[in-house]
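All chains are named by letter (A, B, ...) in the order of the sequence lines, taking the proteins before the strands, and each is independently numbered beginning at 1. None of these values were measured; they are calculated from a predicted model.
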Number of protein chains: 2
Amino acid sequence: MRLDLGDYLPYLLNRAGTKIAVSFTAAVRQYGITLPMWRVLVALHYDEGQRMGQLGRLTSIDVSTLTRIVDGLENRELIERRRGDGDARSVRVHLTASGRSLTERIIPLAEHYETVALSGFSADEAALLKDMLRRLHDNMDELDETELPLANTG
Amino acid sequence: MRLDLGDYLPYLLNRAGTKIAVSFTAAVRQYGITLPMWRVLVALHYDEGQRMGQLGRLTSIDVSTLTRIVDGLENRELIERRRGDGDARSVRVHLTASGRSLTERIIPLAEHYETVALSGFSADEAALLKDMLRRLHDNMDELDETELPLANTG
DNA sequence: GACATATATTTGCATTGACAAATATTGTAT
DNA sequence: ATACAATATTTGTCAATGCAAATATATGTC
């Protein structure tokens, strides 16, 4: 009764993801930001003016962690918080001009990494892989909603 | 010039990986261990007596972090370090009987998560996905060996 | 065999991260 | 209007993380 790591999906997923993340962390470092910061910037570039909760879900970052990342980006004037949009509890996060500019300088690098990761993949294969990753995510989403798992204490 | 997150591989990869990781973290917590601890245990169960360096590479955990995770597991007597195997610099990490037993109690749960993640996938699709993830990892490996990337300061 | 270089692991230290509690605001029921 | 639950964000606190330096051993050179 042994788990074959080399054929175990969560392992392969984590391994591939970590590999890209470590590599890209080194790359964005040259622009003076961390990987989580990059994720926030590109998520805002993709969808401007999100609220903290949305942004946390989109980036897979816990909101309490996100608060501090946003603090850091705000201190560097790459983004700004805007309060009071009907609901005064919420905050809208916006890119500043320089935040937008920095993000757009990094995007080509990000695309390059994707290209490298997918080298040897046909366009069809790449599309298929992405689709499967979306299905994976959706499957786990459903799990969260139903099966809140409990230990087998027996 | 905008990066479409919903079709950007590193994003999809991170999102799917994080989702499984968060969910499984909650699950193993009931057994009194963290996700990184689980990764170490299952990596040892898969290949007993690894050295720190190997184990770090296999689990995608930095060795300095790994040292402390191994400390924690050793304190709970789930694993043990054995020194001096020809090369006295190195350490071999072994599961104890109770470490093995704990790991084997969790393996079915781990397999369940994989099954859930892959629900709706045919066996062929699942095999294809895993194969693609291996190719992805190998592609990034080659990048590390060649392209040590520098900022475009221009 | 002493000396420089390489490899394996651990430790120091500052940063990051996550859970839980606190704060602020909104919506709802009475 | 008041009280109570729900939602959005931030803060407190402490453990986890990762880089760089330190330590220990091994290997190669002269």
Side-chain angles (χ1 to χ4, degrees), chain A residues 14 17-19 21-30 32-40 44 49-76 79-94 148, chain B residues 14 17-19 21-30 32-41 44 49-76 79-94 144 148:
Chain A
N14 175 252
T18 301
K19 194 101 191 171
V22 167
S23 195
F24 200 64
T25 294
V28 296
R29 193 182 224 186
Q30 301 166 326
I33 61 171
T34 63
L35 184 61
M37 284 176 172
W38 155 253
R39 285 182 175 145
V40 169
L44 288 173
Q50 286 176 82
R51 294 150 50 144
M52 295 295 287
Q54 292 180 272
L55 193 52
R57 258 164 290 150
L58 186 59
T59 56
S60 307
I61 297 171
D62 185 279
V63 281
S64 73
T65 300
L66 185 61
T67 286
R68 291 169 239 238
I69 295 167
V70 166
D71 287 347
L73 290 169
E74 200 169 27
N75 285 336
R76 295 161 183 246
I79 63 167
E80 60 183 31
R81 285 174 166 97
R82 295 192 201 148
R83 261 219 131 91
D85 170 55
D87 189 335
R89 288 169 300 183
S90 70
V91 166
R92 301 255 170 205
V93 188
H94 292 266
L148 294 181
Chain B
N14 176 252
T18 302
K19 196 100 191 171
V22 167
S23 196
F24 200 64
T25 294
V28 295
R29 194 184 226 185
Q30 301 166 326
I33 60 170
T34 64
L35 184 60
M37 282 175 173
W38 155 253
R39 285 179 176 146
V40 169
L41 290 175
L44 288 173
Q50 287 177 80
R51 294 151 47 143
M52 296 295 287
Q54 291 179 272
L55 193 52
R57 258 165 287 140
L58 186 61
T59 56
S60 306
I61 298 172
D62 185 279
V63 281
S64 73
T65 300
L66 184 61
T67 285
R68 291 168 243 236
I69 294 167
V70 166
D71 286 346
L73 290 169
E74 201 168 26
N75 285 336
R76 295 161 182 247
I79 64 169
E80 59 182 33
R81 287 176 166 97
R82 296 192 199 146
R83 258 213 135 97
D85 171 55
D87 189 334
R89 290 169 301 182
S90 70
V91 165
R92 301 258 170 201
V93 188
H94 292 266
D144 288 351
L148 295 180

Quick one: does any side-chain atom of A:Arg39 pair with a main-chain N or O of A:Thr34 as donor and acceptor, under 3.5 Å? no
Proximity to the side chain of A:Asp62 - top-ranked nucleotide from C:dA8, C:dA18, C:dT10: C:dA18
If you measure from CG on B:Leu73 to CZ on B:Arg81, what distance do you get to the nearest 0.5 Å? 9.5 Å
For B:Asp71 and C:dT11, give me the distance from atom CG to atom P, rounded to whole Å. 7 Å
With a non-hydrogen cut-off below 4.0 angstrom, is A:Thr65 in contact with a base, only sugar-phosphate, or nothing? base
Could you tell me whether the phosphate oxygens of C:dT26, OP1 or OP2, come under 4.0 Å of any side-chain nitrogen or oxygen in A:Arg89? no
B:Gly53 or B:Arg68, whichever maps to the more 5' nucleotide of DNA chain C: B:Gly53
First of B:Thr25 and A:Gly86 reached from the 5' end of DNA chain C, by closest nucleotide: B:Thr25
Any chance you could measure B:Met52, atom CE, to B:Ile69, atom CD1, to the nearest 0.5 Å? 8.5 Å
How is B:Arg92 classified with respect to the nucleic acid when contacts are heavy atoms under 4.0 Å: base, sugar-phosphate, or nothing? nothing
Identify the 5'-most and 3'-most nucleotides of DNA chain D with at least one atom closer than 4.0 Å to a non-hydrogen atom of chain B. D:dT17 to D:dA26
Sugar-phosphate, base or nothing in reach of B:Thr67, heavy atoms under 4.0 Å: base
